[in-house]
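Since the structure comes first, as structure tokens, the remarks are kept for the end.
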Number of protein chains: 2
Amino acid sequence: MSSTVQDEAETRPGRDSSARRGEVLDAVLDLLAEGADGLTMSAVARRASCSKETLYKWFGDRDGLLTATVQWQASKVRAGAYENGRLDGLALRAGLEAYAVTWLKVISSRTSIALNRVAIGHAASGRSNLGRIVLANGRFAIGERLKPLLEAARDAGLLAFDDTEAAFRTFFGLVARDVQIRLLLGDKIRMSEGDIAEDARRATEQFLALHGARKSPANRRA
Amino acid sequence: MSSTVQDEAETRPGRDSSARRGEVLDAVLDLLAEGADGLTMSAVARRASCSKETLYKWFGDRDGLLTATVQWQASKVRAGAYENGRLDGLALRAGLEAYAVTWLKVISSRTSIALNRVAIGHAASGRSNLGRIVLANGRFAIGERLKPLLEAARDAGLLAFDDTEAAFRTFFGLVARDVQIRLLLGDKIRMSEGDIAEDARRATEQFLALHGARKSPANRRA
DNA sequence: CATGCGCCGTAACGTACGGTACGGTACGTG
DNA sequence: CACGTACCGTACCGTACGTTACGGCGCATG
């Protein structure tokens, strides 16, 4: 809904409005991390040292601002896709653990928690598709990035499963468990670097126990 | 915060105010299931055919009403704890599947989704402990109800694990996977009776593959 | 029958916030 | 230098909603 205005700003290459735009969206992320109740248009304008008029000119309305913020944050997170080289058991394990670590770091970050909370609030109100955008850039994005690794491992005879999507969902469940819902509901849970590494290791090991093709013929369907 | 008023109402046994209270809270649940944006104090009063004055007298404020609603809903859900008889592999499998089915039904119900959404919204605002109450009656309640079964199965030599809590969290992850977060974010996902039964069966099988003591010595730590 | 209490329905109040309008300023362009 | 453009800061408007106040009714009690 704010795309027109954005494009118009982008097509004016002489100015650094693109960078300014990022500053504004960073201000939104800051405010969000400090508690979603503080996220008013006036607060954003104050924090970003811009006028409300500019906010509405650039983003259309509040939902447009939030949508742009979600996409802005997603554009920062995109990291490491699987690049296929030779794949052995160790590389597979390392790849899975790396994905698990990345995902756990994301869902336990203040920013992600705050963003998911507002998106959930919007999903409750039916209006706008913020929830869909968050899903597309979170859960589904990581799924699409992990699947190539899973399928390459299956081709290499390291994993056994029928349905890639189902296999990914199993891995997802083993990694995230109850962490995300507890964090969203305000449970104080630490998630230090060490906890994340340990969780990633455990989840990977469990996933390999279920779907690893190594000497274990007990991997039934997905 | 509204408990004083509630107790006062309860101590007046001559009236059916207790039943009336339930009607009011059911009205809140109805409204909630129709979309969280419709949940205003006026709407509740209209739906429940009571005055706003009564709402505030009984529940103190909006948060008190929401808190009472969460507890009211929780009091309806409490179902089937494990009752120990002789436990063999079949009974264990049946018990785990039953828990999985119950939990999947809960998290995919419109009521639970709506309640979790408002609780998450409150957790974002820092105020009140709605999130804690939802967690206590949801995630933690089912954990405490499942643990006796897990430990009885371990005592019977059917399961192997070190940490009961960790074992439960693994089961939780295998059952819920990405379902709850997707539903909260507004993803249209069906979850028919058949899907739920199939998910429960799969999760149970995977859990037994990881922690079953039957002829599988590959169950490392929790 | 008179009294009082609890509750319904509704009007009213205060505030918070999304959205708009406007004056003032800096800057790039003719 | 005159002009237009983009933007900041702020005042303003309308509305939604939580909360309170009030008039009227039904009912239970003495």
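The shown structure was predicted, so the numbers you read here are calculated from the model rather than taken from an experiment. Quick note on labels: first sequence line is chain A, next is B, and so on, each numbered from 1.
Side chain A:K52 to base D:dG9: no donor-acceptor pair is found below 3.5 Å.
Residues meeting the salt bridge (Lys or Arg N to Asp or Glu O under 4.0 Å) test with B:E151, sequence neighbours left out: none. Scanning for ring-ring contact (aromatic ring centres under 6.0 Å, His included) contacts around A:F171 gives A:F207, with sequence neighbours left out. For the salt bridge (Lys or Arg N to Asp or Glu O under 4.0 Å) test, no residue two or more places apart in sequence or in another chain qualifies with B:D195. With sequence neighbours left out, the salt bridge (Lys or Arg N to Asp or Glu O under 4.0 Å) criterion links A:D26 to A:K76.
Within residues 23-31 of chain A, no residue has any heavy atom closer than 4.0 Å to DNA chain C. Near DNA chain D, meaning a heavy atom under 4.0 Å from it, residues 40-48 of chain B has B:T40, B:M41 in order of number.
For residues 103-132 of chain A, every residue pair satisfying the ring pair (Phe, Tyr, Trp, His ring centres under 6.0 Å) rule, not counting sequence neighbours, is listed here: A:W103-A:F172. The list of side chain to side chain donor-acceptor pair (under 3.5 Å) pairs with a residue in residues 174-186 of chain B, not counting sequence neighbours, reads A:R139-B:D178, A:R169-B:D178, B:R177-B:D199, B:D178-B:R182, B:R182-B:D187. For residues 39-48 of chain B, the pairs satisfying salt bridge (Lys or Arg N to Asp or Glu O under 4.0 Å) are B:E34-B:R47, with sequence neighbours left out.
Phosphate proximity of D:dC8 to A:T54: present, with a side-chain N or O under 4.0 Å from OP1 or OP2. Of the side-chain N and O atoms in A:W58, one or more sit less than 4.0 angstrom from OP1 or OP2 of D:dC7. A:R20 has a side-chain polar atom (N or O) that falls below the 4.0 Å cut-off from OP1 or OP2 of D:dC8.
Nearest-nucleotide positions on DNA chain D for A:S49 and B:D37 put A:S49 closer to the 5' end.
Following rounding to the nearest Å, B:H122 (NE2) and D:dG18 (C1') show an atom-to-atom distance of 12 Å. The distance from atom CG of A:L55 to atom P of C:dA21 is 16 Å, rounded to the nearest whole Å. A:R62 places its CZ atom 9 Å from the P atom of C:dC17, with the value rounded to the nearest Å. Spacing between atom OH of B:Y56 and atom P of C:dC13 amounts to 17 Å, rounded to whole angstrom units. Here the C1' atom of nucleotide C:dA16 and the CG atom of A:L39 are 14 Å apart, to the nearest Å.
Heavy atoms only, all atoms of each residue included: A:D37 and B:S125 are closest at OD2-O, 3.6 Å.
With respect to the salt-bridge test (charged N to carboxylate O, under 4.0 angstrom), the residues B:K147 and B:E144 qualify.
Here the side chain of B:E53 is nearest to one of C:dG6, C:dC8, D:dC7, namely C:dC8.
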